[in-house]
4 protein chains.
Amino acid sequence: MGSTPQPRRGNTRQRIQDVALELFVEQGYEKTSLREIAEQLRVTKAALYYHFKTKEDILSSIFEDLNRPVEEILEWGKGQPRTLETKKEILVRYSEALRAAAPLFVFMQENQATVRELSIGHTMKHRVIALVDLIKEPDAALTDQVRCFSALFTMHAGMMALRDAEGDPEEKRAAALEVAVELVTKAHDPGPAA
Amino acid sequence: MGSTPQPRRGNTRQRIQDVALELFVEQGYEKTSLREIAEQLRVTKAALYYHFKTKEDILSSIFEDLNRPVEEILEWGKGQPRTLETKKEILVRYSEALRAAAPLFVFMQENQATVRELSIGHTMKHRVIALVDLIKEPDAALTDQVRCFSALFTMHAGMMALRDAEGDPEEKRAAALEVAVELVTKAHDPGPAA
Amino acid sequence: MGSTPQPRRGNTRQRIQDVALELFVEQGYEKTSLREIAEQLRVTKAALYYHFKTKEDILSSIFEDLNRPVEEILEWGKGQPRTLETKKEILVRYSEALRAAAPLFVFMQENQATVRELSIGHTMKHRVIALVDLIKEPDAALTDQVRCFSALFTMHAGMMALRDAEGDPEEKRAAALEVAVELVTKAHDPGPAA
Amino acid sequence: MGSTPQPRRGNTRQRIQDVALELFVEQGYEKTSLREIAEQLRVTKAALYYHFKTKEDILSSIFEDLNRPVEEILEWGKGQPRTLETKKEILVRYSEALRAAAPLFVFMQENQATVRELSIGHTMKHRVIALVDLIKEPDAALTDQVRCFSALFTMHAGMMALRDAEGDPEEKRAAALEVAVELVTKAHDPGPAA
DNA sequence: AATGAATGAGACTTCATTCAT
DNA sequence: TATGAATGAAGTCTCATTCAT
C-alpha cells in the first residue's frame, strides 16, 4: 500500500513510549535495549535520542504521564476529612487509576530493584507513603499499619500476581478492591480486641 | 552427621554466595557484575567460574540452599488435613522461614522481572501457587483466593516495604503474621455474607 | 563605503561565528559540538547548515575573516627591503594583529593537532613559514633560524601561556614584543661570535 | 613465523602504550579511537580495557612513565642555589629529557586544548610553572619572565615546529638549547638598561 | 584452587549531516 | 530564514565467559 517510508507525522514520541512500556513490562527495564525499541518501531536508535535524552528519560516520561491520576487522588484526599467514607473512596479511585495504568504498575512492581535507583524511585516511594498516610489513622497500631499497606499491595497484586491466573480481569480487580476495603475498614476501627 | 554433605575444603564457595546475595539485594541482579563480586572477595572473576558455572548458577545455588525450608513446609502441609489449624501452622512456619532467608525473599520480590526469565523463576512460581493451594479451599470464591494471596504477600511485604520504616523487625514480622492469619481465617470460613 | 560587501540581512552568520569561536577556544574544536553552538544561539542545528556547509566551514570562515590582517602584513613585508627596521615593523604589526584576533590564535596554538588535518592547516603552516622568511636572513645559521621562530612563538605565547598569569594583558603583549624584537635583532646581526 | 596467534607474553601493556602514543601524536588524541589502537595491535578493544581503565588512563600512564625525568630535574633544581650555572644545567638536562620523550612532548604541545581538560593537564601546568620558577629570579621584571617562558617554549618548539624542517634533529636541539640559554642568561642579569 | 589475558557481543550515547517543509 | 525529524557511523565502555597455566 505505497512504498514510501510513511511520514510518521508527529506521533513518534508517543509511539516510542508505547513500545518501550510494552517491552519494559515484558522483559524488564535492563533487559530491554534501545536497539530493540528502535527496531520494533522501524527507526534508528538515534531517533530515540531525538525525542528523549536518555533511556531513563523514556521511562520517566511514561511514568509522569500515567501517574498523574494518582497524584490527583492524593491532592483530593488531602482536602477531605479522614473518615471511613473518604478512605473507601480513595481505594475506589486508586483501583480505577490502577486499571487505567495497569502495565506501568505491573512494571513498577516487577522492577523495584531497578526503579529504586532511578529518579522515579524516590517519587514512587513518597507516593506510596503519602497514600498510606491517607488511609491509616495517625496513631495507628503496627498491625493496623500493616493492614493499610496490605490493602494497597493487594490491589497491586490484583493485577499482577493474578495476571496469569484464570478469570476476568475486571472481576479480579473488584475482588481485590473488596479485600482492600475490608482491611482498611478493620484498620479504621480495630474493634474491641486490638 | 551434618546435613551438608559438601566436602567444603575452603569456604570460598560459601563466601561467594554470601557476597553475591548481599550485592544482588542491594543493587539488583542485572546491575551486579561478577567483577564487583570478585573484587569484594579479593579474588579474580575466573575464580568464580571455578566454583560456579554461570552467573545464574550462583543465584540458583543460593536459592536452593535457602529455599529448602519452604519446600519442607510444602511437604509437611500436603500430608495434613486442610483445617484452619493446619493453615495457621503453615503461616507460622512460613513466617519463620521468611525470617531466616529474609534477604533472598527481598531479592525475589524486588527482581521479579529478572527472576521470571531465570530457571528459578518457574520453581518460584510453582511454589507460590502450591502454598496458596494449601491455604485456600479448593472451591474458594475469587475474593477468598485474593485473601489468601494477600496473606502471603503481606508477609513478604512485612520484610520489604516496611524495611526502611521504623520499628523492630521482629515486631513487624509478628504484625504481618497476625494480619495474614486474619485474612486466611476469613477466607476459610467466609461467614454469613459471602 | 564599508569594506564588507556582504548583504548581511540579519546577523546570524556573524553570531554563529562568534559563539563558535568562543566555544572552540574554551573547549577545543573536537569537543565542541554543533548542538552546543546551536543551543547557545537558541537556534536549531539545521539553521547552522543554512549558513555554513560544514562544521569545518564555520572554522574556515572565522579564520579567513580574522586572518586577513596577517596576510596584509605579509603582502606589505614582501615589498620592503629586508632591513632590521622592516623586520621590527613586521613584529610590531604582527603583535597588533595578534591582539585583534587573540582568541583565534589561542585556538590555533592549542588545537594544532586538529588544525593540521583541516584545510586551514596548510594555509596556516605556509603563513608561518612566510613570516619567518621575512624576518630571517636567507642564509641564516640554524641558531638564527631558531631565534626567529622563537620570536614568533614568544608573541603567541604572550597571549596564551601567560593567559592565566597575573598582570595586564597589554603589558604582557608589550613585553613579549620586546623580547621578540631582541631575538630578531640578534638574528639579524649575529655579532662577533656566531 | 608460525601460524599460531603468538602468545604475546607479558608485554601487551607496553605495546598498547607504544601504539597509542604513536597514533596520538600522528592524529591527535580525540581523533584516535580505541578501535584503531586495538586493530593495529591485532587485539580486541576489550583487551585494552583489561590493561587500562579508560582511554584517558592510557594517556596518563604514558605520561607518568615518560615524565619522570622531568620530575627529577625539578627535584634536583630545588636543592641547588639559584645561580646562572644551575639554571644552565637545568636547561641542559631538560633538553635531554625532551629528546628522550620527544613524541610525548610533541603530543602535549599539539593537543593542549584536549590535555587541558584531562587529569594530566593540571600536572603539566604545574610542572611548567615550577620549571619557570627555577630559572627566573623571584622578583623578575615582566620582560624577564617572558624570556624564561620563551626559553622553555623554544626548546619545545625545537622538536616540533622544526620537525618537518630540514636538518639533523640533534643539531636543531643544540641550537634551541643555545637560544634558550641565551634568553635565560639575559634574564638572569638584565644588564645596565632594564 | 585460582590467575592472567583475552574475547565477542552488545550496551548507551553522541555526532555531523540531510531533507522536506 | 529557519525547523522538525531522522539517519549512519562511530565512540567509549562493560559484561559474562573462556582457557592455558
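To find a chain, count down the sequence lines: A is the first, B the second, and so on, and within it residues start at 1. Since we're looking at a predicted model, the values are computed, not measured. Values reported hereafter were calculated over all heavy atoms of this structure, with side chains retained and with hydrogens, waters and symmetry mates removed.
- Residue A:Ser33 places at least one side-chain N or O closer than 4.0 Å to OP1 or OP2 of E:dA11.
- Taking atom CD of A:Glu30 as the reference point, atom P of E:dG10 lies 18 Å away to the nearest angstrom.
- Here the side chains of B:Leu21 and B:Leu66 are in contact, with some heavy-atom distance below 4.5 Å.
- For F:dG4, the OP1/OP2 oxygens have no side-chain nitrogen or oxygen of A:His51 closer than 4.0 Å.
- Put simply, D:Thr12 has a side-chain N or O that comes within less than 4.0 Å of OP1 or OP2 on E:dA6.
- The shortest distance between the side-chain N/O atoms of D:Tyr50 and the OP1/OP2 oxygens of E:dA6 is not below 4.0 Å.
- Rounded to whole angstrom, the span from the NZ atom of B:Lys31 across to the P atom of F:dA16 amounts to 13 Å.
- The nearest whole Å value for the distance from the CD atom in C:Glu36 to the P atom in E:dT13 is 18 Å.
- There is no side-chain donor-acceptor pair under 3.5 Å between B:Gln40 and B:Glu22.
- Summarising the geometry of B:Lys31 relative to A:Glu30, their closest heavy-atom pair is CG-OE2, 3.4 Å, with the distance given to 0.1 Å.
- With rounding to whole Å, B:Ile37 atom CD1 is found 17 Å from F:dT14 atom P.
- Residues C:Thr32 and A:Lys55 both approach DNA chain E. Their nearest nucleotides, taken by heavy-atom distance, put A:Lys55 toward the 5′ side.
- Close to F:dA16, at under 4.0 Å from its OP1 or OP2, lies no side-chain N or O of B:Arg35.
- Searching all strands for a Watson-Crick or G-U wobble partner of F:dT7 with both distances below 3.5 Å returns E:dA16.
- Looking at C:Glu39 and C:Arg35, a side-chain N of the basic residue comes within less than 4.0 Å of a carboxylate O on the acidic one, giving a salt bridge.
- Pair assignment for F:dC13 gives E:dG10, based on Watson-Crick or G-U wobble hydrogen-bonding distances that are each under 3.5 Å.
- Between C:Ser119 and C:Glu56, the closest heavy-atom pair is N-OE2, 2.8 Å.
- Projected onto DNA chain F by closest heavy-atom contact, D:Glu56 and C:Ala47 fall at different nucleotides, the more 5' of which corresponds to C:Ala47.
- Counting atom types as modelled, C:Lys45 pairs a side-chain N or O with a base atom of E:dT17 as donor and acceptor under 3.5 Å.
- Between A:Leu34 and C:Leu34, the residue whose closest nucleotide on DNA chain E is further toward the 5' end is A:Leu34.
- Note on D:Tyr49: every side-chain N or O is 4.0 Å or more away from OP1 and OP2 of F:dT14.
- Taking atom CG on C:Leu48 and atom P on F:dG4, their separation rounds to 14 Å, with Å as the unit.
- As rounded to whole Å, 12 Å separates atom P of E:dT3 from atom CZ of B:Arg42.
- Distance CD (D:Glu39) to C1' (F:dA10): 12 Å, rounded to an integer number of Å.
- Atom C1' of nucleotide F:dA16 and atom CD1 of B:Ile58 are separated by 11 Å, given to the nearest angstrom.
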